[in-house]
Number of protein chains: 2
Amino acid sequence: MCNESTIQASAQSTLADRIRHEIDTFTTSEKRAAHVLLSHYPFAGLETVAEFATRAGISAPSVLRFVTRLGFNGFPEFQKHLREELEARLLSPLAKAGPSGNSQGAPALASFADAVIGNLNATVENIAPAEFEAVVALLSDQRRQIHFTGGRFTGALARYAESHFRIVRSQVDYIDGQPSLWRDRMIEIGRKDVLVVFDIRRYQEDVIALSETAARQGATVVLLTDPWLSPIARVARHVLPAPIVAPSNWDSSIGLMLIAEALVGAVTRRLWDTAKPRMEAVERLRNGE
Amino acid sequence: MCNESTIQASAQSTLADRIRHEIDTFTTSEKRAAHVLLSHYPFAGLETVAEFATRAGISAPSVLRFVTRLGFNGFPEFQKHLREELEARLLSPLAKAGPSGNSQGAPALASFADAVIGNLNATVENIAPAEFEAVVALLSDQRRQIHFTGGRFTGALARYAESHFRIVRSQVDYIDGQPSLWRDRMIEIGRKDVLVVFDIRRYQEDVIALSETAARQGATVVLLTDPWLSPIARVARHVLPAPIVAPSNWDSSIGLMLIAEALVGAVTRRLWDTAKPRMEAVERLRNGE
DNA sequence: CGAAAGCTGTACCAAAAATTACAAAACGAC
DNA sequence: GTCGTTTTGTAATTTTTGGTACAGCTTTCG
């Protein structure tokens, strides 16, 4: 390896970079320490050895071995280095800029993330705040029943949204996309109901059929889809599109997930007076169990 | 809990502000301490009492009296406060703008997206490329069977990942977190198996139990979790953490979703020769129906 | 399958840190 | 100038912290 004797806080290479670089040469518990340090960098390292160890789920001696392996001559020296690095970083505000390094090796995750972040920015730009707010208001109407559904892949998103809304308010359920499973449930759906449907390209026949049926019966349909718009858009009251292309053989649904989580957050805030007791009750039930 | 209410790190007023305001009520040596602290704020306070004292040209007890007068219950508490303040400052480069309110104007979706994007950047930074690649290699090993599972909310993510992997390769399944459903399936899990588990805080007992059982039987555990690490990290071979805090009453799982999608993409590319025919076959089956 | 190497945690120890007690010094008031 | 009060430093004390030896366990390699 490199000459580990040279620890100095070069403005360029932070200790974090070195750890990321060498992490696969670490032992299991050293990796744990590294993860904790990196995810709370550098503050996790400024606490005591015992606290650091607890946080990482390892023993104190393992933490000591970790810092020794990094080339430091004891824990206090390690902390001193972190402080100095932090001070330097704070004095030059540009330090936090781009992930410049990111050299050759494996930008697999990084480049994918870049594309996704682009998608998220575009998602925000393409959705009118008024539209978003309208959906929030709709989902905050406690007199309405809310149903979630989605296709092969997006069904998981619908479930994700439903599992949150279920706690925030009552009258929430998930409808499986398979026709045999929803056909009979349709008789209950009417003007007071809201259907939130996730559907992206390779638009799924059965999901479309479900949505059209619901719309025909007077339900209000909210559609989360890609920019090319699922056919469901024809019957939807509100359409929230999000880009889905990514450097992958698959589409990315993260834009839809963003919308879903933002909706959950906004509705929770709006219904806070009733949502809070519900959330606490759920918590109590879980603990009591 | 502890009544730190007296001191607490109000987002608004930093301790430095208070010191500046009260400095003329201090004694001579307290003023010296204050002056040193302010000129190297807050790093002077993060050293030991003795170092601080030397730097200020006063005695250690004077330093102690200084922090006591500031209202702290001992020097360590004082340091803890400084660390937290520093962390808060570093995490929000927007200075002290309290976004808590955010009531009307600010588009809820936009600010939420900003936070999520920050999470995604942090996610990329905190995961070592080597670690990511190791997981890709593991999931690309067609001789192994891969199981996905997750908790109340994260279960949907596990399903999402599983629905993709299922098409890319064989030997993929989803395990429901409920003990009654997985207990008997465990007999089949052994050294050749991989368990990919999603678990974020409010770590779920049954998911932990499932993972520990699998690990005990020799399965390789891959954990996607938050920066505080689910207890499952203790038995996991690979840990991929992602920040989850968002301006919402709920945690955001989008960082985990990013990792999941990136894994799907990378594995698909690596197994392309066998994955492509599979994907085409699935397509044909869907259309033929 | 068995032995060796390496990793990890428990228990303990030593060092250093924070804290307190107390007396000397500085300051002010009269 | 002296007394009383406040402030400050020295030194002893206690608590906490970092560090180490060792034994059990896991993994690896023959």
Side-chain angles (χ1 to χ4, degrees), chain A residues 22-37 44-83, chain B residues 2 22-37 43-83 134 138 190-193 212-221 229 231-239:
Chain A
E22 298 175 10
I23 196 168
D24 43 314
T25 71
F26 291 171
T27 71
T28 312
S29 53
E30 283 168 352
K31 274 183 193 158
R32 255 174 231 156
H35 275 300
V36 168
L37 177 59
L46 293 180
E47 303 176 332
T48 69
V49 172
E51 285 169 322
F52 189 6
T54 303
R55 197 186 275 244
I58 60 180
S59 70
S62 291
V63 172
L64 272 301
R65 286 186 279 259
F66 171 66
V67 304
T68 300
R69 170 179 268 255
L70 289 175
F72 294 99
N73 224 12
F75 197 75
E77 189 177 296
F78 165 73
Q79 289 190 317
K80 188 178 166 212
H81 175 90
L82 289 180
R83 280 200 307 267
Chain B
C2 35
E22 298 176 10
I23 198 168
D24 34 307
T25 72
F26 291 169
T27 73
T28 313
S29 53
E30 282 169 354
K31 274 180 190 163
R32 273 196 206 153
H35 199 265
V36 168
L37 177 58
F43 300 97
L46 293 179
E47 303 176 333
T48 68
V49 172
E51 285 169 323
F52 190 6
T54 304
R55 199 187 272 243
I58 59 178
S59 71
S62 292
V63 172
L64 271 301
R65 285 186 278 262
F66 171 63
V67 304
T68 301
R69 170 179 271 256
L70 288 175
F72 295 98
N73 226 12
F75 198 74
E77 190 179 307
F78 165 72
Q79 289 191 316
K80 187 179 167 213
H81 176 91
L82 288 181
R83 280 200 309 265
L138 189 64
R191 299 199 173 280
K192 285 266 170 194
D193 292 48
E212 286 174 345
T213 304
R216 207 175 309 121
Q217 303 203 3
T220 304
V221 176
L229 304 191
I232 298 173
R234 304 176 125 260
V235 299
R237 175 77 61 92
H238 300 287
V239 179

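Quick note on labels: first sequence line is chain A, next is B, and so on, each numbered from 1. In this text, all values refer to a predicted model and were calculated from it rather than measured experimentally.
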Could you pick out which residue, A:Pro76 or B:Arg191, lies toward the 5' side of DNA chain D when each is mapped onto its nearest nucleotide?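 Nearest nucleotide further toward 5': that of A:Pro76.
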Map B:Ser29 and A:Thr48 onto DNA chain D by nearest heavy atom, then report which one ends up closer to the 5' terminus.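 Its nearest nucleotide being more 5', the pick is B:Ser29.
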Starting at atom [atom1] of [X], determine the distance to atom [atom2] of [N], rounded to an integer number of angstrom.
X       : N      : atom1 : atom2 : result
B:Arg69 : D:dT8  : CZ    : P     : 10 Å
A:Phe78 : D:dT17 : CZ    : C1'   : 16 Å
B:Phe26 : D:dT6  : CZ    : C1'   : 17 Å
B:Glu77 : D:dT16 : CD    : C1'   : 16 Å
A:Gln79 : D:dG18 : CD    : C1'   : 10 Å
B:Phe52 : D:dG9  : CZ    : P     : 13 Å
B:Arg32 : D:dG9  : CZ    : C1'   : 12 Å

Are the side chain of [X] and the backbone N or O of [Y] linked by a donor-acceptor pair below 3.5 Å?
X        : Y        : result
B:Arg55  : B:Ala44  : no
A:Thr68  : A:Leu64  : yes
B:Gln79  : B:Leu46  : yes
B:His238 : B:Ala134 : no
B:Glu51  : B:Thr48  : yes
A:Thr54  : A:Ala50  : yes

Counting only heavy atoms not in B:Arg234, do more than 12 sit closer than 6.0 Å to its CZ atom?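 No - once you tally the heavy atoms of other residues, nucleotides and ligands closer than 6.0 Å, there are 12 at most.
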Should the heavy atoms of other residues, nucleotides or ligands under 6.0 Å from CZ of B:Arg83 be counted, would the total exceed 12? yes
All N/O pairs under 3.5 Å across the protein-nucleotides 10-14 of chain D interface:
none

Assign each of B:Arg234 and B:Val49 to its nearest nucleotide of DNA chain C by heavy atoms, then name whichever residue's nucleotide is nearer the 5' end.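 It is B:Arg234 whose nearest nucleotide is closer to the 5' end.
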Could you tell me the boundaries of the chain B footprint on DNA chain C, defined by atoms under 4.0 Å from its heavy atoms?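 The protein-touched segment is C:dA17 to C:dT20.
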N-O pairing of B:Arg69 and B:Glu30 below 4.0 Å: yes
